[in-house]
Amino acid sequence: MTARGFDHVVWAVHDVEAAATYLEAAGFTVTPRARHPWGTENRLVQLDGFFIELLTIGAAAEIPPASDRFFSFGGFNRDFLERGEGASMLVMESGDAGDDRRAFERAGLHVYEPFSFGREQTRPDGSIRKVGFDLTFVRNPSDPLHGFFTCHNLYPENFWSADYQRHGNGAAALDTVVVVCEEPAEQHIFYAAFTGEREMRASSLGIAIETPRGRLHLMPPSAFEALYGVPAPVLTPGGSAIAALAVAGADRAAVAQSLARRGIAAVESREGLVLPAAKGFGLALVFA
């Protein structure tokens, strides 16, 4: 089974421009706004092979309906935003969509119809390049409120930009994706198949999975509060929350001073400098 690193996280927000302004104030470079053909719009924060996708609903009338076989990306995020803002989807990297599909089917997971799309992307110099992706959507029966898929980037040379990967806060790479759930052990079967990683580290603080790009940490609410010093998200019975995203490479002291000058409250914790979810569109950001 091929191990997969994180490709990106979809962060659903009502106002993508306000969210981009928040991230820019925290020292991130954010790409120009782009539009998908199925009714969603986004702006991105590129790191080293990983990106944060700020996503909102644009022309909702263009959103196609979902079915048991077809995953509606726009419809899923529209429904997610009706419940609130935050990280709606986790995405792993892919080298071949067909290989991903076969691996998920062997693991007994529900896989949706293949999905591919392309669009144009504006480069920092103003030029326009074509980008394209093959997506393989899969269902997590233990967490139906979040979306999961792999992403095969067909034109990485057009997508990634060194200019977009330079951030004033020094952030350079993904460190950890934190998922809060009451019973982490109940999630491990799905995440083993989704990440392609069988080896996990279990402790009183939950389950940690090291991927080729970033760590996944499944933990109960009590562990989240102890490690990150902020309230855990309120869970629905049996539910989960993508609670925090930690980035590496930043100068924490310099970031703390910069945030203070901008009036952005941050919390020092065991795991890093935390921008609480309550102040930042439903997802905590951590400078690890």
Side-chain angles (χ1 to χ4, degrees), residues 5-6 8-13 19 22-23 26 45 47 50 52 54 80 83-92 140 142-148 171 173-192 194-195 197 199-211 213-250 252 255-256 259 264-288:
F6 281 100
H8 67 281
V9 167
V10 178
W11 186 350
V13 296
Y22 169 76
L23 289 181
V45 173
L47 297 172
F50 170 86
I52 301 168
L54 292 175
F80 183 93
R83 299 188 296 270
E85 297 179 300
S88 61
M89 310 181 83
L90 291 182
V91 191
M92 309 307 291
N140 180 357
S142 299
D143 187 4
L145 297 183
H146 293 93
F148 302 87
L174 172 68
D175 184 84
T176 305
V177 175
V178 182
V179 175
V180 172
C181 48
E182 294 290 352
E183 298 293 340
E186 294 181 0
Q187 295 281 346
H188 84 277
I189 294 177
F190 170 80
Y191 279 106
F194 185 52
T195 64
E197 291 282 3
E199 293 188 8
M200 304 180 183
R201 187 174 69 252
S203 71
S204 60
L205 297 175
I207 295 175
I209 304 173
E210 299 288 344
T211 82
R213 184 178 296 108
R215 176 188 307 109
L216 173 67
H217 200 164
L218 306 166
M219 63 180 65
S222 58
F224 180 81
E225 294 179 355
L227 290 175
Y228 293 97
V230 295
V234 177
L235 303 178
T236 59
S240 301
I242 303 169
L245 196 66
V247 297
R252 284 170 55 179
V255 171
L259 293 173
I264 300 175
V267 176
E268 284 285 359
S269 75
R270 290 170 57 181
E271 294 297 300
L273 185 68
V274 182
L275 299 182
K279 302 296 183 181
F281 303 91
L283 177 66
L285 282 178
V286 184
F287 296 94

Backbone N/O of [Y] and side chain of [X]: donor-acceptor pair under 3.5 Å:
X	Y	value
E225	A232	yes
H217	V180	no
H146	D143	no
Q187	S142	yes
S269	E271	yes
W11	M89	no

Contact check, side chains of [X] and [Y], non-hydrogen atoms, under 4.5 Å:
X	Y	result
V91	F6	no
V45	L54	no
M92	R213	no
V247	D175	no
M219	L205	no
L273	L259	yes

Would you name the heavy atoms of [X] and [Y] that are closest together and state the gap between them?
X	Y	answer
T211	G5	OG1-CA, 3.6 Å
P276	A265	CD-O, 3.7 Å
P184	E182	CD-O, 3.5 Å
A241	P233	CB-CG, 3.6 Å
E210	R215	OE2-NE, 2.8 Å
A12	F80	CB-CD2, 3.9 Å

Given T236 and L145, is the side-chain contact (heavy atoms from CB on, under 4.5 Å) satisfied, shown in steps?
CA-CA 10 Å; T236 59; L145 297 183; 4.0 Å; yes

Test applied, side chain to side chain contact (heavy atoms under 4.5 Å, CB included); reference residue, I52; option that passes from V9, L245, L283:
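Of all the options given, the one that passes is L245.
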
What do the steps show when you test L90 against V179 for side-chain contact (heavy atoms from CB on, under 4.5 Å), and what is the final call?
CA-CA 10 Å; L90 291 182; V179 175; 4.2 Å; yes

Assess whether side-chain contact (heavy atoms from CB on, under 4.5 Å) is satisfied between I242 and V177, documenting all intermediate values.
CA-CA 8 Å; I242 303 169; V177 175; 4.2 Å; yes

When you look at T176 and V286, which way does the side-chain contact (heavy atoms from CB on, under 4.5 Å) test go after all the steps?
CA-CA 9 Å; T176 305; V286 184; over 6 Å; no

Going from CG on L216 to CE on M200, what distance comes out if it is rounded to the nearest 0.5 angstrom?
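Taking CG in L216 and CE in M200, the distance rounds to 8.5 Å.
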
How long is the straight-line distance from CD1 of I209 back to OG1 of T195, given to the nearest 0.5 Å?
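Between atom OG1 of T195 and atom CD1 of I209 there are 5.0 Å.
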
Has I189 got more than 12 heavy atoms of other residues, nucleotides or ligands less than 6.0 Å from its CD1?
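Check fails, neighbour count at 12 or below.
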
Assign the ring pair Y191 / F194 to parallel, tilted or perpendicular, where the plane angle (0 to 90°) is split at 30° and 60°.
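Aromatic pair Y191/F194 classed perpendicular.
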
